[in-house]
Amino acid sequence: MRVSKFPLNTLKEIPSDAEIVSHQLMLRTGMIRKLGAGLYTWLPLGLRILRKAETIVREEMDLAGALEVLMPSVQPAELWQESGRWEQYGPELLRMHDRHNREFCYGPTHEEVITDLVRKQVRSYKELPLNLYQIQTKFRDEIRPRFGIMRSREFIMKDAYSFHETQDCLEQTYHGMYQAYSQIFSRMGLEFRAVDADTGSIGGNASHEFHVLAESGEDAIAYCESSDYAANVELAPLLPAAEKPLSKQAAEMSEVSTPDAKTIEQVSASLKLTAAQCVKTLLVKAEDGGLIALLLRGDHELNTLKAEKLDGVLAPLTFAEETEIKALIGCPPGFIGPLAIDCPVLADYSLIQQENFACGANKEGFHLINVNWTRDLPQPTFADLRNIQVGDPSPDGQGTIKICRGIEVGHIFQLGKKYSERLNASILDQNGKKTILTMGCYGIGVSRVVAATIEQNFDDRGICWPPALAPFQISILPINMDKSDKVRSFCEQLYSDLLTQGIEVLLDDRKARPGIMFADHDLIGIPHRVVVSERNLEKGVLEYKGRSDEESREISVEALKTELGQILKSI
RNA sequence: CGGGGCAUAGCGCAGCCUGGUAGCGCAUCUGCUUUGGGAGCAGAGGGUCAGAGGUUCGAAUCCUCUUGCCCCGACCA
């Protein structure tokens, strides 16, 4: 491709509403352009990259035995009513009417449509397992679209759905998809982790999220240094600490006046204790209409997901109103403690060994110090209530936890029978007996992958594309091409040679100054670059530089072709 | 959805408080000079100042409404 026929609409200045690097660079390089909130047009440069990502996904899905289909993006409401999600799905579902006033939605996902397809099409166990996928535009009316393509409302997704007679069979396909996903992200040159994910309200047995590791990631991931354990921080379980008897150092419990200390920070400061020596008492609503006290070490954070799964706790987790607290305890928030409290008490595992701790006195303006289990109050029920932290033991018992940030780019899920039951999707088994299908679903945010790749591969000059996603493999930058016939004819020859070799090459045939060419090609992140100048031609060499190399080096034409051939093979 | 902010040329911004008919940098176009890391000089084009209504002799500027966009917020004892 020639730059004269493939305009580089690059910007020197950063559009003011672009917050994260990928968004800034996608706008500056002219990959995308915003149409409205969460809506973007893919320009030729960006689309080239998006297509590369799609191609890799497609190839690996095909290789894993999935079959491509293309479903409508507009879906009739009836199917969603049948599955029950017409009511369940909130405002995130874009609903609309046609001219006959029939209801439709723009598909955020396709479980209903695919299940409908399969229930009509597939009759016999002999046709299973079946794994169908599509690469298609989805729409989710996000509360707050942001970060450009990363969290847009309209986006490109690869979604696959598998159908099975048995759970065993589902697990095999699930494993196959796990492998395929790993292969896809490896081929793209990404640093990623597969992490245990919430099976949540959908139920099912297993779910993994695939995260690209990047500072700007919206999710925190806990991973183990010495094993392949990884989980979303919200989900990573903590093991209970061992019980131990009251130690001899147990000091006398006493009441201390702490008039202005309401937060853990203030309490620990005024009592000259560390936050870890304090216990905080949170009151949440219970299923029976009353309250439940949750105890955490002062330096720990409550994990809402874990808490609302506990027996008796109201889901979604709701904190008690101030008036309810006053009615139950007789003092305002800030001075609550677990002693002599008239409601169930659940304490985090980390408090099992806690001694001589401080807590609220249930009396405005006072806290207790040197409180100890058994002696001063009965042992509460212990449970896993908090977020895992750096340095905690790994749940698989193999070393300690570290935390990094990740961008979720893929999610695989064992759905089970949720949709097939609701939509009555069944086949006849070997005995001629009707069997409800077991399903799996597998998504990749293809457009998000592109943004995530940039988050992981950039420097102060621009994007550094991994070769597999690069819009072009190599740039030819002629110096003074309009003045030097030698440079011109050499570049033209090299250009057509590389094209013949099957290499995607971008020849900068603009009448531009070298500085502009260097800046543009660095910005758009072409992995390889050769500079052709009269000076070097006289020496019979080219100047080569890899995008992330510190320095350029001289290279012969033959060596360049050989090297590029090698690189191409490795993609 | 709650809170805050913004809307002026393709992009980044000034002008608004104190009303007088729109400006700067980048980008674009022309010419000359330059030519190894976003050049210099000279010139040119490009704006219903988000929209509607109001006040006024006169509104980008003041008032009202509407729309769009951006940021923060679902961990508080």
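Just so we're on the same page: letters track the sequence lines, and every chain starts at 1. Below, each value reflects all heavy atoms present in this structure, side chains not excepted, and no hydrogens, waters or symmetry copies. Keep in mind that what you see is a predicted model, and the values were worked out from it rather than measured.
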Determine the Euclidean distance between corresponding [atom1] atoms of [M] and [N]; express it in Å to zero decimal places.
{"N": "G12(B)", "M": "C69(B)", "atom1": "P", "answer": "16 Å"}
{"N": "A7(B)", "M": "C49(B)", "atom1": "P", "answer": "15 Å"}
{"N": "G53(B)", "M": "G73(B)", "atom1": "C1'", "answer": "35 Å"}
{"N": "U64(B)", "M": "G5(B)", "atom1": "P", "answer": "14 Å"}
{"N": "A27(B)", "M": "A39(B)", "atom1": "C1'", "answer": "15 Å"}
{"N": "A60(B)", "M": "C16(B)", "atom1": "P", "answer": "14 Å"}
{"N": "A42(B)", "M": "C13(B)", "atom1": "P", "answer": "27 Å"}
{"N": "U48(B)", "M": "C57(B)", "atom1": "P", "answer": "29 Å"}

Counting C-beta onward and ignoring hydrogens, is there a side-chain heavy-atom pair between P44(A) and F6(A) closer than 4.5 Å? yes

Side chain of [X], heavy atoms from C-beta onward: which of [options] has the nearest atom to it?
{"X": "E301(A)", "options": "A74(B), C75(B), G36(B)", "result": "C75(B)"}
{"X": "R513(A)", "options": "G36(B), U34(B), A77(B)", "result": "U34(B)"}
{"X": "I479(A)", "options": "G73(B), A39(B), G36(B)", "result": "G36(B)"}

Test item: [X] side-chain N/O and [Y] main-chain N/O as donor-acceptor pair under 3.5 Å:
{"X": "N370(A)", "Y": "A251(A)", "result": "no"}
{"X": "D522(A)", "Y": "G525(A)", "result": "no"}
{"X": "N457(A)", "Y": "T453(A)", "result": "yes"}
{"X": "Q473(A)", "Y": "P467(A)", "result": "yes"}

Which part of the nucleic acid, if any, lies within reach of R529(A) when heavy atoms closer than 4.0 Å are counted: base, sugar-phosphate only, or nothing?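 Answer is base: heavy atoms of R529(A) come under 4.0 Å of a base.
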
Pick base, sugar-phosphate or nothing for R33(A), based on heavy-atom distances below 4.0 Å to the nucleic acid.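 Sugar-phosphate: the residue R33(A), judged by heavy atoms under 4.0 Å, touches backbone atoms but no base.
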
Is there a Watson-Crick or G-U wobble partner for [N] with both distances under 3.5 Å, and which nucleotide is it?
{"N": "G68(B)", "result": "C6(B)"}
{"N": "G25(B)", "result": "C11(B)"}
{"N": "U56(B)", "result": "none"}
{"N": "U34(B)", "result": "none"}
{"N": "U61(B)", "result": "none"}

Going by the rule ring-ring contact (aromatic ring centres under 6.0 Å, His included), which residues pair with H367(A) if we only count those two or more places apart in sequence or in a different chain?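 Per chain and number, H367(A) pairs via ring-ring contact (aromatic ring centres under 6.0 Å, His included) with F335(A).
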
Is R151(A) salt-bridged to E142(A), going by a charged N under 4.0 Å from an acidic O? yes

Let me know the distance between [atom1] of [X] and [atom2] of [N], rounded to the nearest Å.
{"X": "L523(A)", "N": "G37(B)", "atom1": "CG", "atom2": "C1'", "value": "13 Å"}
{"X": "E142(A)", "N": "C1(B)", "atom1": "CD", "atom2": "P", "value": "15 Å"}
{"X": "K285(A)", "N": "A77(B)", "atom1": "NZ", "atom2": "P", "value": "18 Å"}
{"X": "L27(A)", "N": "C70(B)", "atom1": "CG", "atom2": "C1'", "value": "14 Å"}
{"X": "K483(A)", "N": "U33(B)", "atom1": "NZ", "atom2": "P", "value": "9 Å"}
{"X": "D460(A)", "N": "G38(B)", "atom1": "CG", "atom2": "P", "value": "14 Å"}
{"X": "Q266(A)", "N": "A77(B)", "atom1": "CD", "atom2": "P", "value": "10 Å"}
{"X": "I516(A)", "N": "A39(B)", "atom1": "CD1", "atom2": "C1'", "value": "8 Å"}

Between R144(A) and D482(A), name the one whose nearest nucleotide on RNA chain B is closer to the 5' end. D482(A)

For RNA chain B, whose closest nucleotide is more 5', that of N387(A) or that of K34(A)?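 Per heavy-atom nearest nucleotide, the more 5' residue is K34(A).
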
For the pair W373(A) and F357(A), evaluate ring pair (Phe, Tyr, Trp, His ring centres under 6.0 Å) and give the outcome as yes or no after the intermediate values. CA-CA 9 Å; W373(A) 302 124; F357(A) 58 82; 5.1 Å; yes

With side-chain contact (heavy atoms from CB on, under 4.5 Å) as the test, would you mind laying out the steps for I329(A) and L283(A) before giving the verdict? CA-CA 10 Å; I329(A) 317 269; L283(A) 289 175; 4.0 Å; yes

Give every residue pair that meets the salt bridge (Lys or Arg N to Asp or Glu O under 4.0 Å) criterion with at least one member in residues 475-492 of chain A, sequence neighbours excluded.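 Residue pairs passing salt bridge (Lys or Arg N to Asp or Glu O under 4.0 Å), neighbours aside: R2(A)-E492(A).
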
Sorted by first residue and then second, give each salt bridge (Lys or Arg N to Asp or Glu O under 4.0 Å) pair with at least one member in residues 30-48 of chain A; sequence neighbours left out.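 Checked against salt bridge (Lys or Arg N to Asp or Glu O under 4.0 Å) - neighbours excluded - the pairs reaching residues 30-48 of chain A are D17(A)-K34(A), R48(A)-E504(A).
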
Any side chain to side chain donor-acceptor pair (under 3.5 Å) pairs touching residues 332-348 of chain A, not counting sequence neighbours?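 Side chain to side chain donor-acceptor pair (under 3.5 Å) check on residues 332-348 of chain A returns D348(A)-S350(A), D348(A)-R386(A).
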
Per the atom types in the model, does the base of G38(B) pair as donor or acceptor with the side chain of D520(A) at under 3.5 Å?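 Answer yes: a donor N or O sits under 3.5 Å from an acceptor.
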
Among residues 328-336 of chain A, which residues get a heavy atom nearer than 4.0 Å to RNA chain B? P333(A), G334(A), F335(A)

Give me the residues of residues 6-21 of chain A where at least one heavy atom lies under 4.0 Å from an atom of RNA chain B, by number, or none. T10(A), K12(A), E13(A), I14(A), P15(A), S16(A), D17(A), E19(A)

